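Reading through the structure tokens given below for one structure.
Below, chains carry the letters A, B, ... as their sequence lines are ordered, and counting in each starts from 1. Being a predicted model, the structure only gives us computed values, none of them experimental.
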Amino acid sequence: MSDQKRLFLVDAYALIFRGYYAFIKNPRINSKGEDTSAIMGFMNSLLDVIKRERPDHLAVCFDKGGSTDRVEMYQDYKANRDETPEGIKTAVPYIYEILKAMHIPIMVKEGYEADDVIGTLAKKAEKEGYKTFMVTPDKDFAQLVSDNIFMYRPVFGGGYETWGIPEVQKKFEVTDPLQVIDYLGMMGDASDNIPGLPGVGDKTAKKFLAQFGSMEGLLANTDQLKGKMKEKVEANGELGLLSKKLATIMLDVPVEFNAKDFELDHPDVEKVKEIFQSLEFRRLTDNFVKTFSTEAPTTNNTSTTEAKTETKATPKAQKSAGAGQFSLFGGDASSNEETVSEYTRKTAETSSHFYQSVSPGMATKLFVKNLMTQNSVCFDTETTGLNPLTAELVGIAFSWEVGKGFYVPFPENKDEAQELIEELRPFFESETIQKIGQNLKYDIKILAKYNIDVKGKLFDTMLAHYLINPDMRHNMDVLAETYLNYTPISITELIGKKGKNQLSMREVPLEKQTEYAVEDADITLQLKEHFEKELGEANTQQLFDDIELPLLRVLADMELEGINLDKDFLNSLSEELNNDISNLEKRIYNTAGEEFNIASPKQLGVILFEKLKLVDKPKKTKTGQYSTAEDVLSYLAKDHQIIRDVLDFRGLSKLKSTYVDALPLQVEDSTNRVHTDYMQTVAATGRLSSNNPNLQNIPIRTERGRQVRKAFVPRNEDYTLLAADYSQIELRIIAALSEEETMIEAFKNGEDIHASTASRVFNVPISDVSREQRSNAKTVNFGIIYGVSAFGLSNQTDLSRSEAKELIDTYYETYPKLKAYMSKQVDFARDNGYVQTVLGRRRYLKDINSRNAVVRGAAERNAVNAPIQGSAADIIKIAMINIHQKLKASDYKSKMLLQVHDELVFDVYKPELDNMKSLIKSEMENAYKLSVPLDVELDIGDNWLEAH
DNA sequence: CGGACCACCTA
DNA sequence: GTAGGTGGTCCGG
């Protein structure tokens, strides 16, 4: 290790951009609606560098006002760049503030780019005997690398690589780092808008450098080139030289290197903490405090003589050598504790893990005994697949202490597996031990197949996070990385990519199963501790305890129950459709004069608009194709049979492929029923979603489509299907929340709400409302819920834009409180960054104060819609929980099968029909008390179509 | 074979 | 204009 002084120069914007885009799919939004991705990304990198390297000299360099020299040279310099994203612009002042509080010098020079500042400083520092590390992902810096100047480059997936001369020689295939300038000049750089030589990319540039050594060398020897390349290079010599100049980092910026100014001082920890907390950086705050208030380790990781690629040291790397050295229980546990703390002290941010598998027999009995003494345990089942109806248990992991856990492997033999689970039954069925898990619905369904009923209080980390931040994704890997800064073993690492050669969990060696499974339980336990507090802060504990957790068990039951499907009926429907589709096909091919793929919008567009020229100026999609969307085509339908045929073809094909043919394939062999999977954590408003198959979008609007519903039938002839629908629930909610008396009265009097609205806005007696007036009123009523615009309304009706606008204005005059309510929601969102439902379910709207009117408009519509849609979701969830509870309590044979947002479908045992009718209607209508009565319509039938 | 894009099904 | 899911084509690794 050299004791030479080291200077770190951080390329601020490059790291800010990198941080911002790293979170782009999953931006960090705090409760004030601020996008803090860029700040967090940058601070993570900076702290990481400081922690790893403990530099004694450091500065952060910013651009200011761009490079005036380069713009003089080349007008278009960086002209291609998209405007800086808002999330980055707002981040910069915060970062300045944080850097000041950290006592880190900031280097900016008006009219120079950070590259130039860093380059100049690096060269000056080199003269004074420093080793300089340029912290940047930008490969342009490679031109500055020397014996004493290195690139310190973050790599994707974590960690850094150091580029010295050998690395640069290898990466760019050059002998001297200065040739990187020639390389960039030849190849160009789209993001900096350096033009480069036309037709020259990475490969050709490297070839030229090997052959001619430099741009000038190339231009002087173009006679050695041939063909098109010769012409192009000769014609663009000037451009090449200019590009080279643009790519050259300037070394004459008027900045001084005074070592004293760059010394890394101790930060104002309190100040930084304060800023971090105001930004709601919980983990970063901890991390920061840990880094700066403990004794810093003295080792330096970077070898300054030989550059090496480093990989990020995850806590995993620090695992104990083997679980065997620790025994399961009793006194030994304390020695574990000692080891842990000893270890923790040594490395500050790592934690060691004690994961152990439990052998059959006595060890298992002892383990269960210990398990039963706990108050709260996290568990995670490992199975042979993702379908709970067919998957078998491979093992169960348990953890009740951070960093520690046990794995109980399951035998393949079914009887033996059942014997083992019986030993664990007292735990799962204990009312007093809390069970923690990630996506417990899955584990509960698996255990139900082993006849285990999971009882007691639950805590599902996925559900908790859904309430804390509904817009994010909630899988464990994301949560672990976000909240624990931890990357779990990936499942593909264990069993391979899906498809060919994928292993079953059963085939994974026991040690690996243990590591993986217990890690999941351990992480979930840690996440629980994290989320527990946040639920309280978001005021959403009650929603968690009283709605989402109980609902999880309801959904598990519904999914296990499945629904009966008449396959034969669908098969005959498929034949009919086949016939009709091929007839349409023939007619279309005939008119088109050739055969083509009608299902390909690309091919269809060419036929309709180029060959048949049905329109003068065809509409294009954003990707430049002809648009053949439904609304475009139906416009032409009245004039062209082929258009009508195409639309029919599409409708029927969709029907056939998505429903008629797909549904029978989804029937589960073991139960002969269809089992959908309800997703409880995907819809940002609080609704459920359904997949595999989606039973929430079975056709109903067209005669042809709704036939599919005939295929959903009762369990057997002793049963009947019952569908219970909330009538106009969303309109009732908006009427109640806005306290709009006219509308409330209409609902109280049981009026036809759309006719009532029409009567008022068109000023005619309710008995004289025409069909068209009612229809337009209905459209506006729905439009209100979605956040209307005159544009949208006129698109959906026969009204012109101005007529639509007038209708909306009259509507607001008729229902003034409704309008006031909508503005109130938007204002609330602006002030608080979120809106909420009747039960306090929040939706955060980060764009509500955006300067971009389109973006802001969308957020404003969300502010109106989310509380309405979400409250309706809350209400039906309450009804489901209560109904489920009553069905269970009285041991009814009737079962709740499906939920379709405002409708519940039941398999009703005929002798229970009267009881069911009143129970369901009453529970649904009384699920939540509003100033508007809720109304539920019931229908029964021998299939889902009849029950409607 | 996975992802982007289009089209179309529901409340 | 809100909220979802699925299937088809097409393109690129």
inquiry  = Strictly below 4.0 Å: does A:T628 bring a side-chain N or O up to OP1 or OP2 of B:dA7?
reply    = yes
request  = Rounded to the nearest angstrom, tell me the gap between atom CD1 in A:I808 and atom P in C:dG1.
outcome  = 12 Å
ask   = Under 6.0 Å from the six-membered ring centre of A:Y626 and within 45° of its axis: does the NZ or CZ of A:K619 meet both?
value = no
inquiry  = Assess, by modelled atom type and distance only, whether the side chains of A:S690 and A:T676 contain a donor and an acceptor separated by less than 3.5 Å.
reply    = yes
request  = Between B:dC6, B:dT10, C:dC10, spot the one nearest the side chain of A:S600, thanks.
outcome  = C:dC10
Please produce a list of atom pairs where a protein N or O lies less than 3.5 Å from an N or O of nucleotides 3-7 of chain C.
from: C:dA3; atom 1: OP1; to: A:R843; atom 2: NH1; distance (Å): 3.3
from: C:dA3; atom 1: OP1; to: A:R843; atom 2: NH2; distance (Å): 3.2
from: C:dA3; atom 1: OP1; to: A:N862; atom 2: OD1; distance (Å): 2.8
from: C:dA3; atom 1: O4'; to: A:Q869; atom 2: OE1; distance (Å): 3.1
from: C:dA3; atom 1: O4'; to: A:Q869; atom 2: NE2; distance (Å): 3.0
from: C:dG4; atom 1: OP1; to: A:V682; atom 2: O; distance (Å): 3.4
from: C:dG4; atom 1: OP1; to: A:A684; atom 2: N; distance (Å): 2.9
from: C:dG5; atom 1: OP1; to: A:S689; atom 2: OG; distance (Å): 3.1
from: C:dG5; atom 1: O4'; to: A:N694; atom 2: ND2; distance (Å): 2.8
from: C:dG5; atom 1: N2; to: A:K654; atom 2: NZ; distance (Å): 3.4
from: C:dT6; atom 1: OP1; to: A:N692; atom 2: N; distance (Å): 3.0
from: C:dT6; atom 1: O2; to: A:K654; atom 2: NZ; distance (Å): 3.2

inquiry  = If we count only N and O atoms by modelled type, under 3.5 Å, do the side chains of A:N781 and A:Q728 hold a donor and an acceptor together?
reply    = no
query = Base, sugar-phosphate alone, or nothing: which one does A:Q796 contact when heavy atoms must sit under 4.0 Å apart?
reply = base
Side chains of A:Y811 and A:T757, donor plus acceptor under 3.5 Å = no
query = So what does A:S653 hit on the nucleic acid, given a heavy-atom distance under 4.0 Å: a base, only sugar-phosphate, or nothing?
reply = nothing
Look for any protein N or O under 3.5 Å of an N or O in nucleotides 11-13 of chain C and output each such pair with its distance, or none.
from: C:dC11; atom 1: OP1; to: A:K602; atom 2: NZ; distance (Å): 2.8

query = Are A:Q825 and A:E860 linked by a side-chain donor-acceptor pair shorter than 3.5 Å?
reply = no
request  = Starting from C1' on B:dA7, measure out to NZ on A:K656 and report it in whole angstrom.
outcome  = 18 Å
query = Would one find a side-chain N or O of A:R701 under 4.0 angstrom from OP1 or OP2 of B:dT10?
reply = yes
query = Can a salt bridge be assigned to the pair A:D580 and A:R704 using a cut-off of 4.0 Å between side-chain N and carboxylate O?
reply = yes
query = Mind checking what makes ring-ring contact (aromatic ring centres under 6.0 Å, His included) contact with A:H901, not counting sequence neighbours?
reply = none
message = Rounded to whole Å, please give me the gap between CD in A:E730 and C1' in C:dG1.
response = 13 Å
ask   = A:R861 has a side chain; which of C:dG1, B:dA11, B:dA7 sits nearest to it?
value = C:dG1
inquiry  = Between P on B:dA7 and CG on A:L604, what's the gap in Å once rounded to a whole number?
reply    = 9 Å
inquiry  = With a cut-off of less than 4.0 Å, is there a side-chain N or O of A:Q603 near OP1 or OP2 of C:dC10?
reply    = yes
request  = Identify whether any heavy atom of A:F791 sits under 4.0 Å from a base atom; if not, whether one sits that close to sugar-phosphate; answer base, sugar-phosphate or nothing.
outcome  = sugar-phosphate
query = A:F782 has an atom CZ; how far is it from atom C1' of B:dT10, in whole Å?
reply = 13 Å
request  = Could you tell me the separation between the CD atom of A:Q899 and the P atom of B:dA11, rounded to a whole number of Å?
outcome  = 12 Å
inquiry  = By the 4.0 Å heavy-atom rule, please label A:R650 as base, sugar-phosphate, or nothing.
reply    = sugar-phosphate
task = Flag yes if more than 12 heavy atoms outside A:K611 fall under 6.0 Å of its NZ atom; otherwise flag no.
result = yes
request  = Identify whether any heavy atom of A:I698 sits under 4.0 Å from a base atom; if not, whether one sits that close to sugar-phosphate; answer base, sugar-phosphate or nothing.
outcome  = sugar-phosphate
ask   = For A:R801 and C:dG1, what is the distance between atoms CZ and C1' respectively, to the nearest whole Å?
value = 13 Å
message = Is it true that, when you exclude A:K805 itself, more than 12 heavy atoms of the residues, nucleotides or ligands shown sit nearer than 6.0 Å to its NZ?
response = no
query = Between C:dT9 atom P and A:I607 atom CD1, what is the distance in whole Å?
reply = 16 Å
inquiry  = Under the criterion salt bridge (Lys or Arg N to Asp or Glu O under 4.0 Å), I'd like the reasoning laid out for A:R644 against A:D648: C-alpha separation, chi angles, the key distance, then a yes or no.
reply    = CA-CA 6 Å; A:R644 291 197 288 278; A:D648 284 349; over 6 Å; no
